[in-house]
Amino acid sequence: MNSFSVFLLSFFLFLHRSQSHHPHLDNSTDEEALLNFKSKIKRDPNGVLHSWNPNSSFCKWHGVLCNPIKLRVIALKLGDSSLTGTISSHLTNLSFLQFLDLHNNTFSGDIPPYLHRLFRLKFLDLSFNNLHGLLPSSLSLCFNLRVVNFSHNYFHGNIPSEIAQLSKLQSLNFGNNKLSGEIPSSFANLSSLTVLRLTSNYIGGSLPPELGRLHNLQSLLLGINNITGEFPTQLLNISSLVKLNIAINEISGSLPSELFSSFPSLASARMAGNTFSGFIPSSISDASELEELDLSGNRFSGRIPLFWKLGKIQYLNLEENNLTCENGDGGLDFITSLTNSTFLQTLSVSRNQLMGQLPSSIGNLSNQLSRLYMGDNLFDGALPEQIGNLENLAMIDLELNYFTDKIPSSLGNLRNLESLLLSNNVLSGSIPEALANLTFIFIIGFEENNLSGELPSILSNFRRLNYLNLRGNGFTGNIPNDLLTLKSLDYLDVSFNKLCGSLPYEIGNLIMLRYLDLSDNELSGPIPSVIGDCTNLEALFLSNNSFQGPIPITLTNLRGIEYIDLSFNELTGKIPPLGSLPNLQSLNLSSNNLQGEVPKNGVFLNASAFLLSQNSELCGGIPQLGLPNCRPFRKSNTKRTIGIVFGAIFVGVSVTIIALFFYARNREKQPGPQEAAMISFDEQHRTYSFYELKAATGNFSEENLIGRGSFGAVYRGEMRDGGLVAIKVLDMDQNGAVKSFVAECEALRNIRHRNLVKIVSACSGMDFKALVLQYMENGNLESWIHGNRGDEENRSGLSLKQRIDIAVDVASAMEYLHHGCEAPIVHCDLKPSNVLLDENMVAHVTDFGLARMLRNQNDLSNHQENSNSTIGLKGSIGYIAPEYGFNVGVSTKGDVYSYGILLLEMFMKKKPTDEMFSEDLNLQRWVISSLPTMVIQNFHEELEEAYDVEEAKHHLISLLRLGLRCASESPDQRLDMKEVNISIKKIQVLLSQKHLAIQIP
């Protein structure tokens, strides 16, 4: 080696050492930018930035990757690091940055300005954070970008059309944000794009047909938006498409017949929850590469096509359409055609109009089939024994059909079965002993059938059983002791059967139990004290039995209990200190033989939260109960007693004579407003004069006007003691006003319920009549449903949980009126404006101006008698039962109809009198055609945040179907309010449990 070579080598070594020891000569801005980024981090629980120390080279810091020659930062990888803070704007000084990954942290604030300075950036992932603001249009200047992922944040506003200038972009993901506007048609210029994901936003408009020019597109994912219009045929030009997701929008029309044949490589197609109509194209079988097909929640009709060529299909979902078949003409041949689909794992045709007997070929489906959903159709006949051949089935849903005969013993072959739902059919016989083999079973739903016999001992074999519902059958005999050894049980309902005997002491073993319903049986004996060992209980229903003895004091151990119903039993003794239960929301002890003092703490402070009626020996409690004061025990004194009796007789006779004298004297004189008679509805409360009501309302001023009704106006009143009341003043010139006043007084004089508005007093004179009512701080339900409350704070409306709670409150009130009073009371005008909300958003039914008491059985059927006792139309337009239009007398089924309409209005946010409805389209038909799309869109954001979306979707649809059944045209098809209340309470409990009682993939 010559001296010149030695010199060159020495020079380069010196230069390298100089660069190594003095990096600030070239890249000091990178270190400064990174340190500034660290300074904006407020929380680093995993210590991922501990290595970010100026004493070491930043190229060695965690998550930092540098160019080995220039020592400039080219990548920052801090995804899944649990970092909290904001993204420093100094990051834009990393001018050599090509890869930025900050996904799955808790960064908040806006995207840093001047992000466009990172012109070398190729990969940008900010997904799964709390970023918000508008998408920057300047992002288009990062012209080297290949991948952009901003999903699962809170970005809003329109998608910038300038993004279409990113000619190298391959994957764009803006899913799960709050973006609105339309999809820019300029996106057709993204010629390199292979993935476009805009799911779960508020994007509207129609699908741009220009997207058909994206010949490299493999995934088009636009589900859960507000996209409308028909499916553009131009999209059929994207022959490279592998995934298509346009589910849960408002895309309409029929699917192009060439759809599936145009996409020879299509593996996944999700088009659920739109308004597609017409037939499912028979070309579906041409898409032989299909692995996933979801057409659920549309309006497809006609037959299901055959699937002979779909040999790779794994997931097939056609539920919630109008698919039909005629019995006996091959309409169920699609089942046979799926025997070629050897990879099939999930099949759902639930909630259609399929009918006939299931073919035996169902037993030849794929041995990989794990989930089979065929519920809510019109299937009938016996279940084929061959279903037991599907040995890998984990989930069977055949509920809400018309299956008859016995439960097939062959189901015992399905040793992997976890969930078996056969509810609401016409199955008979006993539970087969062969089911003892189902040792992995988790959910059993056999409710509402004609099953009979004793509860079998095999139930104790189900050691993993979590959910058992046998409600509404004909089971007899005792509750097996072994059943109550299943410590895994979370939900147990055997209500509405004919079970007898005592409740076994083994009930204390169910330490995981949260829901227990044994109501409406023939159980007797004491309630075991060991029930207090079920410390996870949230709901306990033991009503309508013959339980005797005292209420166990051990119930006070149930610190998480929310609902207790022990009504209609033969319980005696004192009420235990249940007011100490911190979470108790509803307590019903009515119709027993309880004695002694009512507590004055906890739940007993809220008169709307508990029921104690028909316990004649109770005393004390809060004044609203109107119970007599409890008197201390004293020894009897015969002479004193006789004196008191004779003294009382003397006083009574004297008072009667004086009253008759004044009555005769004033018989011809009728009082004016200033002399109005005052009627008290609660002995503990004072009465009010006309002048007091006038002063309380500011001379009935418009400022205090709450609202106007058919027979008068309601005012807000502030009494002298500071108490607030609502004062309903009757319009005496209005025809029927007096009858309305009398009806309301008659209806509410002797009834009390936590969900009925209480009458405090009444004032009645010749030309003035008024009711003084309990004041409700949060106004009426109608203003909350339709967002017209006027105050900014409450314009967001009701949450999903609040709506369900209110629906339960109203159902409880109506059940009490129909079934809990001495004579059934028909409200006759149930609607959202007659449901008031107190400060805790608890619902109270009001306005009994049209109410009728059915004093005897003839009132239920004697149309003429009832018709003569009504005041014009029996309700409000849109909520009146249709039979009332044919001069049919009032009945409790009329109230059920009104409740059904109210339920649909609450959850679909549409009035029955909306201008969109006509003779051909009413609220019920619109709801049927809108399921499940609208309800998911109405509560999409809340579902994403607080619920498992699929779980909540199932329960919400069940709730709407309950509303539809209540609002049936025929009274005979409607449930009674007792059944309605039970059903809706169970939906409430299941949703609050936050676990899948009924699971849909």
Side-chain angles (χ1 to χ4, degrees), residues 607 623-624 626 659 662-663 665-749 752 756-780 782-783 789-791 829 833-839 844-851 871:
Q624 290 93 321
F662 281 103
Y663 173 76
R665 182 178 179 181
N666 297 306
R667 186 174 181 181
E668 297 180 359
K669 181 181 178 182
Q670 296 293 342
Q674 67 277 15
E675 303 164 2
M678 294 166 286
I679 307 168
S680 175
F681 285 78
D682 192 328
E683 293 179 0
Q684 302 296 323
H685 288 181
R686 60 161 295 177
T687 56
Y688 299 104
S689 68
F690 166 78
Y691 291 110
E692 286 178 295
L693 300 186
K694 180 179 178 181
T697 58
N699 196 21
F700 306 108
S701 68
E702 290 292 320
E703 293 180 359
N704 287 315
L705 181 65
I706 297 174
R708 295 187 184 275
S710 301
F711 300 114
V714 181
Y715 297 88
R716 177 184 181 272
E718 184 173 354
M719 310 312 292
R720 288 183 180 179
D721 60 4
L724 294 178
V725 293
I727 300 171
K728 182 176 180 180
V729 180
L730 277 293
D731 181 357
M732 302 302 290
D733 295 328
Q734 179 68 35
N735 184 33
V738 175
K739 287 186 178 180
S740 170
F741 177 80
V742 173
E744 194 149 11
C745 292
E746 178 71 14
L748 293 180
R749 183 184 296 274
R752 292 186 182 92
L756 297 178
V757 172
K758 293 182 179 64
I759 287 188
V760 177
S761 184
C763 189
S764 178
M766 184 68 177
D767 54 359
F768 179 82
K769 296 185 186 297
L771 295 171
V772 182
L773 307 168
Q774 181 184 6
Y775 182 73
M776 295 290 159
E777 290 83 348
N778 279 309
N780 65 51
E782 181 180 37
S783 63
R789 285 188 46 74
D791 53 315
D829 198 18
S833 61
N834 284 340
V835 175
L836 303 183
L837 303 171
D838 66 16
E839 59 182 348
H844 303 257
V845 176
T846 188
D847 198 344
F848 285 76
L850 298 180
I871 304 173

Item to complete: Measure the OH-CG distance between Y715 and L773 for me, rounded to the nearest 0.5 Å.
Response: 14.0 Å

Discussion item. Minimum heavy-atom separation for A607 and Q624, please, with both atom names.
Written reply: CB-CB, 4.1 Å

Item to complete: Mind listing the closest non-hydrogen atom pair of H844 and L756 along with its distance?
Response: ND1-O, 3.8 Å

Practice prompt. Answer yes or no: is there a donor N or O on one side and an acceptor on the other, between the side chain of D829 and the main chain of N834, under 3.5 Å?
Written response: no

Worksheet item: Are M776 and D838 close enough that some pair of their side-chain heavy atoms sits under 4.5 Å apart?
Response: yes

Discussion item. For the backbone of E782 and the side chain of N780, can you confirm whether one donor and one acceptor N or O come within less than 3.5 Å of each other?
Written reply: yes

Worksheet entry | Test side chain to side chain contact (heavy atoms under 4.5 Å, CB included) applied to R716 and L705, I727, N704, the passing residue | N704

Worksheet item: Could you state the interatomic distance from OG (S783) to CG (L837), rounded to the nearest 0.5 Å?
Response: 7.5 Å

Discussion item. Using every non-hydrogen atom in the two residues, find where L693 and A770 come nearest and quote the distance to one decimal.
Written reply: CD1-CB, 4.1 Å

